[in-house]
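Order of the sequence lines fixes the chain letters, A, B, ..., with proteins taken first and strands second; residue numbering starts at 1 for each chain. We use all heavy atoms of the structure for the numbers below, so side chains are in, but hydrogens, waters and symmetry mates are not.
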Amino acid sequence: MKLEIHHLNTWYGRAHILFDVHARVGHGEVVAFLGRNGAGKTTTFASIVGLVPGITGDIVFDGTTVSGRKAHEIVRLGLGYVPEDRRIFTDLTVEENLMVGRQPPREGAPTWTPDMLYTLFPNLAEMRKRPGGQMSGGEQQMLTIARTLMGNPSLVLLDEPSEGLAPKIVEQMAEALTEMKRQGLTIILSEQNLHFARLISDRAYIIEKGRIRYEGTMDELEANPQVRDAYLAV
Amino acid sequence: MDFLFVQFLNGLASASALFLVASGLSIIFGVTRIVNFAHGAFYMLGAYVAYTLTTTLTGPLGFWVALPLAAVIVAALGALVEMTLLRRIYEAPELFQLLATFGLTLMVEDLVVLIWGPEDLLGPRAPGLEGAVNIFGQLFPAYDLMLIALGPIVLAGLWLLFHKTRWGVLVRAATQDRTMVAALGVNQAWLFTSVFTLGIFLAALGGAVQIPREAVHHMMDLQIIVEAFVIVVIGGLGNVFGAFLAAFIIAELNAFGILLFPKISLVLVFLVMAVVLVVRPWGLLGKPEGAARAAVGTALQPWKRLGARGRNLSLGLLLVLALLPVFAGNYLLAVSTEILIFVLFAASLHLMMGVGGMVSFGHAAYFGLGAYGAALLVRFTGAPMEVGLWAGPLLAVAGAALFGWFCVRLSGVYLAMLTLAFAQIVWSIVFQWYEVTGGDNGILGIWPSSWASDPMVFYYLTLGIVTLGILAIRRIVFAPFGYAVRGCRDSVLRAESIGMNRMSLQWLCFTLAGSFAGFAGVLYAYLKGSVFPDVLAIPTSVDGLVMVLLGGIQTVAGPVVGAAVYEALSIYMTSETDLWKLILGGLIVVLVVAFPEGIVGFWQRRVQPLLSDRDGRDEEPAREGTA
C-alpha cells in the first residue's frame, strides 16, 4: 500500500472534526475524496501532511508511520501537498515559486524539472518571470501543482484542484493530472465536483461530517445514485 | 552651505549603521514574526566584542579583521539564543517572544557591565582612515566616508542574497507564508535560525563599525532599538529597501533637526513616523498585511465571570489587603501602594490589548499624562488632591481619545508602533517644554491632602480606587460593549458584517483604557510627591507589557497577577542586588519558557484541570484554521 490511514481522529481545540477516518491507497492509484463543503476533506489532507497538531490514529506512508511528525519531514518522504486555497507566493516569480518547491530526486518517483513542468502546464512557460500575484486563478492553480511536483513526490494530495476554475481550464487540469498518473504518481484528490473526479479517479471515498460514509470504485459509485444523491447532490 | 553639505554627509554616515541594525530587525520580523527587542543588545555586544578584538588583534590588518569577526562571534551567539530559547516559544502567542527578548536585553545590559565594566570605552581609530578629508573647505573624517559606502554595499549584498540564491528565495517565500514553505518540505527551524543569525550579524556589524566614532557604553542598546523599530516601521515591515530609505530619512532628520528645530529635535523622528503611519499605514514601501494570525488576545478558553471559588478567592485577597496595615510598616505600605497602582496600570493595558486586541507599546503616555495632569494642576493652580485626583486623569482621557482616533485606523504591529510614536511625542514635549513641565527636573511637591498624607490612609485610598477600577474593567469585559469589542478583536470582518462599527468600538475601548491608566498615573504622582518625564518613557510602557504578558494576556485575571509579581520582584531585586537586571531578565526568560501562556494561563490550563475532575481534552486551539 502507498498510504494507509487507520482511525484518524482530529481535533481543533476541543472541537472533534474527524471521526475514525480510514483509507487505503495503492501504488499508482488515483483516489477521490468526495464530500460537500465542510465535510472534512481539507482537514483530512492537512492531518495527513502534519499541519494539524491535534490528531490521533495511524497514518502510514510507504511503510513509514508519519502521524505525529512535522510537515516538512513528511513532505520530504515524498508526500506532496497542494493546498486548496492555492497559497502561491505572490511576491515571487513563477520560477522562484518553483524553486521553493525543489527537493532532491527520489527513487520510485518521477523526477521533474522546470522545463518538464512548463511542458505539462504550457501557460506557465509564457510567464516565468511574472510575479505570482499577477496571474489568473487557473494559472495560480497550475503553479501550485507544478510547485509541489518540484519536490518529486511519489504521492500527491490535491485539495479541490478544480475549484473555481473555468471549464476550459478544468479540462487542461484533467489532462495534466492524467499525465501525472501516467508517470506513475499516486494521486489523492478531494472534490465536490463529481464530474471532474470521474474523469481521472479509479476509486472514491465519500466523507460527510468527518466520517467516511462510502467507499468503492468510480464505476460502483456511478451505479449507485442513492449514495450520490445522499452525500453529494447539489 | 558647505557646512550643511558636511552635515548631510554626517547624516549619511549615521544612516549606514542605522540601516544595518534596522534591516536585520526587519528580516527577522518578516520571517519569524518575532519582534526582537534584544536586537539593540546584540548591536551593543557587537560594539563591545569589536572593542576587545581591536585592542587585542595587532597589526594594521587587525582592526579590519576585528570588525567582521566581532559580528560573526555575536551572530553565533544569536544562533545559540535562537536554538535554545526562541525555538521553544514560536508557538506561544505572538508578542510572547517580545517578552523573552526583553528579558534577554536586561541580562545583556548587566553582563556587559560585569565583563567590560561600567565606564565608557573608546575604540581605536581605523588604520588607514585616521585622517580627515577636505570637502568644500570642511574637514570630514575619512572613516565616515567608508561608512557612507557601507550602507549601499550591504543593501546590494542583501538584494543579491534574496534574489539570486535559493536560500534568499526561501526567506522571501517564508516572509509571505511560512506554513506553506514548511508544507513544501523546507525545515522551518533551520530557516528561522539562519535568518535570525543573519539579522544578528547585521546588528552586530552595525555596532562594531561604530567604535571609531562613538564611545562604547552599556546603554547603547535602548538608544538604537527604538530608532531601529521606527525605521523598520516607516520603511515597511520586512522590506529591506524600505529600511534603507527610512534609515536615510531618520538619520538626516537627526542631523538637521538639531540645527533647524533645536526646541523640538526629540519629537521630530516620532512626528515623522506618526505622519507616515497615518498617511501610509503599512510604511513607505510596505504592503498591506494579509489576514493576521490569531489575534493577540484570543482566549485560551472562553472568559467567564468569576465562579463561587474565584469570588471567594478575590474577596479573601481583598480582606488580606485590607488588613495589611495592621502588621505592615510604612515602607511595606508604600511598596504595596505602588504595586496596587501598577496593577491598575497593567489592567488598563490589558483592556486595550487583551480585550481590545490593540497592542500598545506606548501605554506609559496615559499613565504619565494622568500624573502630569495632576502635577500641572498643582503647579499652576495649587489645586488640592481632591480636585487633582479627578481632574488629573482628564488629560489622559483627552490624550487617549486623540491618539486613539488615529491608532484604531491601523492594526497589528503598525498600531503598536503608532502608540509608541505618540508616547514618545508626549515624552519629548514634556522633556523639552521646560517652562511648563520643568523638563528633566520634573514637578515637585505634589503631596496628598493632609488627611491622606499618612501612608496607611493613602494605601486605603489607593486600594479603594484600584479595586473600583478593576471591578469597572471586569464589568466592561462582560458587558455587551465588551463582547462587541472582543468580537472585533477576533474577527474584524465578521464583526463588521453584523453591523458593528469596529473603529468607534475600539476607539472607545482605547479611550477607556487610557483613562484607567490616567487614574493610576495620578495616584502614582501623589504617592511619590513628584513627577518626572520617566513616567512617560519607554521603560514604563515596557514594564506594562511585561506585566500583562507575564500574567497571561489570554486571561482576564492575568494582568493583576502579572503586575503584582513583576512589580514586587523588581522592587525587591533593585533593593537587594546590583545585578537586578541580570536576575530579573533571567527570571523572565525562565518564566516565558516554563509558562508560555502566562502565570494565570498556566494555572487555568495546567493546574485547574487537576483540581476539578472535569475530563476535557486539553488541546492547543488551532492557530491557523485549515477546515
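Residues B:Arg172 and A:Glu96 are in side-chain contact: their nearest non-hydrogen atoms beyond the backbone lie under 4.5 Å apart. Side chains of A:Arg86 and B:Met180 form no contact here, defined as non-hydrogen atoms less than 4.5 Å apart.
Crowding of A:His7 atom NE2: a count of heavy atoms from other residues, nucleotides or ligands under 6.0 Å not exceeding 12. Other residues, nucleotides and ligands contribute at most 12 non-hydrogen atoms within 6.0 Å of the CZ atom of B:Arg88.
The two atoms that bring A:Val75 and B:Ala183 nearest to each other are CG2-O, 3.3 Å, heavy atoms only. The shortest non-hydrogen separation linking A:Ile88 to B:Gln176 is O-NE2, 3.5 Å. Across all their heavy atoms, A:Leu92 and B:Ala173 have their closest contact at CD2-CB, 3.8 Å. The two residues B:Thr179 and A:Arg87 come nearest to each other via the heavy atoms CB-NH2, 3.4 Å.
Atom OG1 of A:Thr93 and atom NE2 of B:His163 lie 9.0 Å apart (nearest 0.5 Å). Note that the CG atom of B:Leu170 and the CZ atom of A:Phe89 stand 8.5 Å from one another [nearest 0.5 Å]. Atoms CG and CG, on B:Asn239 and A:Asp91 in that order, are 9.5 Å from each other to the nearest 0.5 Å.
Not a single donor-acceptor pair under 3.5 Å links the side chain of A:Arg102 to the backbone N or O of B:Arg166.
For the side-chain contact (heavy atoms from CB on, under 4.5 Å) with B:Leu184, the qualifying choice from A:Asn97, A:Thr148, A:Thr144 is A:Thr148, the only one to do so. Here the options are A:Lys70, A:Glu73, A:His72, the test is side-chain contact (heavy atoms from CB on, under 4.5 Å), and the partner is B:Asn187; only A:His72 passes.
Contact of A:Thr44 with chain B is not made at all, since no heavy-atom distance falls under 4.5 Å. Within the 4.5 angstrom heavy-atom criterion, atoms from both the backbone and the side chain of A:Val100 approach chain B. Contacts of A:Leu77 with chain B are absent, with no heavy-atom separation under 4.5 Å from either backbone or side chain.
Among A:Thr90, A:Val49, A:Val82, the residue with the largest count of heavy-atom pairs under 4.5 Å with chain B is A:Thr90.
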